[in-house]
Amino acid sequence: MRAGDLNRTITILRKVQIGAPNDYGEYETIWQIVHRLRANVKWGAVAERLDGTANQRFAAGTVAFKVRWFADLHPTDVIGFDGKFYNIVGSTEIGRRVGLEITATWRQGELQ
């Protein structure tokens, strides 16, 4: 993987628990940056989808992020790129721990 191809910066965010539990045993959670990485971004197809529960149409697109390999990517992590957030759909190892190709879809709205 050539360094010149990694021409964008992305952040990997993870929801973490902070503080002590409240009276109901629930923890306060925040989104914390766990990695800031250089990446190659490849845009996929954009299509209109139908939400099955609300019968609403919305636009959704896929993006593939190629980054250098790291071990602790969780499927519940979120990618921050270009002012938007993307849900991770899957990841594929490139070579023998050379890199990762992370497939993600745009996440509408703010992080909660």
Side-chain angles (χ1 to χ4, degrees):
M1 183 174 286
R2 295 181 43 212
D5 293 338
L6 305 176
N7 57 0
R8 306 292 178 116
T9 301
I10 65 170
T11 54
I12 308 289
L13 298 109
R14 184 171 298 149
K15 196 176 254 192
V16 294
Q17 296 177 348
I18 59 170
N22 62 15
D23 295 338
Y24 302 106
E26 301 167 337
Y27 288 89
E28 183 180 352
T29 58
I30 61 169
W31 287 96
Q32 180 178 8
I33 296 174
V34 291
H35 292 287
R36 184 168 279 121
L37 305 165
R38 301 294 294 171
N40 178 282
V41 179
K42 185 176 182 181
W43 300 97
V46 176
E48 190 172 63
R49 295 187 184 166
L50 180 66
D51 180 10
T53 58
N55 288 328
Q56 293 180 329
R57 294 184 182 275
F58 62 96
T62 59
V63 181
F65 300 97
K66 286 186 181 179
V67 298
R68 295 202 187 276
W69 189 86
F70 64 99
D72 64 338
L73 180 69
H74 298 176
T76 55
D77 291 346
V78 171
I79 296 176
F81 170 66
D82 205 19
K84 296 180 182 170
F85 298 104
Y86 298 84
N87 286 331
I88 295 175
V89 177
S91 66
T92 305
E93 187 174 349
I94 300 170
R96 182 176 268 185
R97 294 190 174 185
V98 173
L100 285 175
E101 183 171 333
I102 305 168
T103 307
T105 58
W106 177 59
R107 175 188 181 121
Q108 187 173 1
E110 297 292 319
L111 290 177
Q112 298 177 10

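Worth knowing before you read on, the calculation uses all heavy atoms, side chains too, and leaves out hydrogens, waters and symmetry mates. Bear in mind the structure is a predicted one, so any value in this text is a computation, not a measurement.
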Task: Arg38, CZ atom: more than 12 neighbouring heavy atoms under 6.0 Å - done: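 Atom CZ in Arg38 is crowded, with more than 12 foreign heavy atoms closer than 6.0 Å.
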Task: Cluster check Val78, Val89: I/L/V/M/F/W/Y, side chain < 4.5 angstrom - done: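 Shared cluster, no.
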Open item on the list: Restricting to side-chain contact (heavy atoms from CB on, under 4.5 Å), what partner residues turn up for Asp77, sequence neighbours left out?
Closed with: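 Counting only residues at least two positions away or on another chain, Asp77 forms a side-chain contact (heavy atoms from CB on, under 4.5 Å) with Ile12, Arg14, Leu73, His74, Ile88.
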Using 0.5 Å steps for rounding, measure from the [atom1] atom of [X] to the [atom2] atom of [Y].
X: Gln17; Y: Glu26; atom1: CD; atom2: CD; result: 10.5 Å
X: Leu100; Y: Thr92; atom1: CG; atom2: OG1; result: 8.5 Å
X: Phe85; Y: Ile79; atom1: CZ; atom2: CD1; result: 12.0 Å
X: Asn40; Y: Glu101; atom1: CG; atom2: CD; result: 9.0 Å
X: Phe65; Y: Ser91; atom1: CZ; atom2: OG; result: 13.0 Å
X: Phe81; Y: Thr9; atom1: CZ; atom2: OG1; result: 9.0 Å

- [ ] Go through the steps to decide whether Leu13 and Gln32 satisfy the test side-chain contact (heavy atoms from CB on, under 4.5 Å), and finish with yes or no.
- [x] CA-CA 5 Å; Leu13 298 109; Gln32 180 178 8; over 6 Å; no
TODO: Please report the shortest heavy-atom distance between Pro21 and Tyr27, naming the atom on each side.
DONE: CD-CE2, 3.5 Å
Open item on the list: Testing the basics here: between Arg97 and Glu93, what is the closest heavy-atom pair and its distance to 0.1 Å?
Closed with: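 Heavy atoms only, the tightest pair is N-OE2, 2.7 Å.
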Task: Any Leu37 side-chain heavy atom under 4.5 Å of Arg68 side chain - done: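 Heavy-atom side-chain distance check fails, nothing below 4.5 Å.
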TODO: Under 4.5 Å between side-chain heavy atoms, chaining through other members, with only Ile, Leu, Val, Met, Phe, Trp and Tyr counted: pull out the rest of the cluster around Ile18, sorted by chain and number.
DONE: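 Same cluster as Ile18: Val16, Ile30.
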Task: Counterpart residues, ring pair (Phe, Tyr, Trp, His ring centres under 6.0 Å), relative to Phe70 (two or more places apart) - done: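 His35.
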